[in-house]
Participant: 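One structure, pasted below without further comment.
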2 protein chains.
Amino acid sequence: MDIIRVFGSNVRYYREQKGLSQEKLAEMSGLHRTYISDLERFQRSISLSNVQKIADALEVETHVLFIEK
Amino acid sequence: MDIIRVFGSNVRYYREQKGLSQEKLAEMSGLHRTYISDLERFQRSISLSNVQKIADALEVETHVLFIEK
DNA sequence: TTGTGACTATAAGTCCGTC
DNA sequence: TGACGGACTTATAGTCACA
């Protein structure tokens with residue numbers, strides 16, 4: 001169980017559930033498009049401050065993004 | 001609801017539940033003692049790879065550390 | 001629309017202390 | 001045992017051009 005993979009997978013899952021592109025999510029969360037791309041592909045070990053921005057943009061509770069599905 | 005505060009509070013809670021000192025937890029998680037101190041006082045935005053190390057050391061599931069109590 | 005390599009700037013994280 | 005500071009190194013943040 002790798003937290004970076006679980007998080008990245010969940011971001012992709014909830015982003016697609018909301019019908020958002022990476023670019024739109026990037027805009028909503030105040031981050032960069034390629035940054036979203038990287039973390040969905042497990043290329044980055046993101047810090048908590050940005051985790052919160054993404055959770056807010058996806059309108060999910062933060063801890064939900066860490067639950068393996 | 002601030003993820004850094006929730007996380008820091010939970011680390012302190014579970015650490016004390018296990019009767020560990022900050023220094024002992026630091027050793028067990030492979031991190032630095034001042035770092036544990038800082039994050040319990042909400043002074044740092046920790047990265048995911050270290051969140052996992054701490055969760056492992058505390059023997060709790062990662063997502064539990066993000067649930068507000 | 002997304003993946004990828006490359007890059008610089010800044011924050012994360014370490015280590016030395018003192019109180 | 002833990003709070004706190006200063007100086008330092010390393011990882012992540014943040015951005016771009018191009019596939």
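Below, chain A is the first sequence line, B the second, and so on; all start at residue 1.
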Participant: Among B/Glu59, B/Glu40, B/Glu23, whose salt bridge (Lys or Arg N to Asp or Glu O under 4.0 Å) with B/Arg15 holds?
Facilitator: B/Glu40
Participant: In whole Å, I'd like the distance from the NZ atom of A/Lys24 to the P atom of C/dT2.
Facilitator: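 In whole Å, C/dT2 P and A/Lys24 NZ are 13 Å from each other.
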Participant: Show the numbers, then the answer: is there a side-chain contact (heavy atoms from CB on, under 4.5 Å) between B/Arg12 and B/Gln22?
Facilitator: CA-CA 9 Å; B/Arg12 173 158 289 178; B/Gln22 289 180 348; 3.6 Å; yes
Participant: Given atom CD of A/Gln43 and atom C1' of D/dT12, what is their separation to the nearest angstrom?
Facilitator: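 From A/Gln43 CD to D/dT12 C1': 14 Å.
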Participant: If you apply the rule side-chain contact (heavy atoms from CB on, under 4.5 Å), what do you find for A/Asp2 with A/Phe42, and how did you get there?
Facilitator: CA-CA 10 Å; A/Asp2 175 1; A/Phe42 324 127; over 6 Å; no
Participant: With respect to the side chain of B/Arg12, which nucleotide from D/dA13, D/dA3, C/dG3 is positioned closest?
Facilitator: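 Closest of the options to the side chain of B/Arg12: D/dA3.
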Participant: In this structure, how many angstroms lie between the P atom of C/dT1 and the CD atom of A/Glu27, rounded?
Facilitator: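 For the pair A/Glu27 CD and C/dT1 P, the rounded distance is 12 Å.
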Participant: What are the two closest heavy atoms between B/Ile3 and A/Gln52, and how far apart are they?
Facilitator: CG2-OE1, 3.2 Å
Participant: Please state how far atom CZ in B/Phe42 lies from atom P in D/dA3, giving the value in whole angstrom units.
Facilitator: 10 Å
Participant: Rounded to the Å, how far apart are A/Gln52 CD and D/dA13 C1'?
Facilitator: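 Distance, rounded to whole Å: 17 Å.
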Participant: If you assign each of B/Arg41 and A/Asn50 to its closest nucleotide in DNA chain D, which residue comes earlier from the 5' end?
Facilitator: B/Arg41
Participant: Of A/Leu48 and B/Ser37, whose nearest nucleotide on DNA chain D comes first from the 5' end?
Facilitator: B/Ser37
Participant: Would A/Asn10 and A/Leu58 count as a side-chain contact (heavy atoms from CB on, under 4.5 Å) here? Give the steps.
Facilitator: CA-CA 10 Å; A/Asn10 281 332; A/Leu58 291 174; over 6 Å; no
Participant: Quick one: which of C/dT14, D/dG14, C/dT4 gets closest to the side chain of B/Arg44?
Facilitator: C/dT14
Participant: May I ask you to say what B/Ser45 touches in the nucleic acid, namely base, sugar-phosphate or nothing, with a heavy-atom cut-off under 4.0 Å?
Facilitator: sugar-phosphate
Participant: What contact category does B/Ile46 fall into here, base, sugar-phosphate, or nothing, at under 4.0 angstrom with non-hydrogen atoms?
Facilitator: sugar-phosphate
Participant: Counting any heavy atom closer than 4.0 Å, what does B/Leu31 reach on the DNA or RNA strands: base, sugar-phosphate only, or nothing?
Facilitator: sugar-phosphate
Participant: Quick one, which residues of residues 14-23 of chain B touch DNA chain C with a heavy atom under 4.0 Å?
Facilitator: none
Participant: Whole angstroms only, please: what is the OH-C1' distance between A/Tyr35 and C/dA9?
Facilitator: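 It is 14 Å, rounded to the nearest whole Å.
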Participant: Please determine which of A/Arg44, A/Gln43, A/His32 meets the side chain to side chain donor-acceptor pair (under 3.5 Å) test together with A/Asp38.
Facilitator: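 Single pass found, and it is A/Arg44.
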Participant: Per the side chain to side chain contact (heavy atoms under 4.5 Å, CB included) rule, which among A/Val51, A/Leu48, A/Leu65 passes with B/Phe66?
Facilitator: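 Option passing the side chain to side chain contact (heavy atoms under 4.5 Å, CB included) with B/Phe66: A/Leu48.
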Participant: Would you say the side chain of B/Arg33 and the base of C/dG17 hold a donor-acceptor pair, judged only by whether the two atoms sit under 3.5 Å apart?
Facilitator: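 In this structure, the two groups form a donor-acceptor pair.
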Participant: Take the protein atom CG of B/Asp38 and the nucleotide atom C1' of D/dG5, then report the distance between them rounded to whole Å.
Facilitator: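 After rounding, the reported distance stands at 10 Å.
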Participant: Is a donor-acceptor contact shorter than 3.5 angstrom present between the side chain of A/Thr34 and the base of D/dC16?
Facilitator: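 Yes, a donor-acceptor pair under 3.5 Å.
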Participant: How close or far is atom P of C/dT4 from atom NE2 of A/His32, stated in whole angstroms?
Facilitator: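 So the NE2-P distance, A/His32 to C/dT4, works out to 17 Å.
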Participant: Would you tell me if any nitrogen or oxygen in the side chain of B/Ser47 comes within less than 4.0 Å of OP1 or OP2 on D/dA13?
Facilitator: no
Participant: Consider only side-chain heavy atoms of I, L, V, M, F, W and Y, link residues closer than 4.5 Å, and tell whether A/Phe7 and A/Ile67 are in one cluster.
Facilitator: no
Participant: Which base, if any, makes a Watson-Crick or G-U wobble pair with C/dC15, both distances under 3.5 Å?
Facilitator: D/dG6
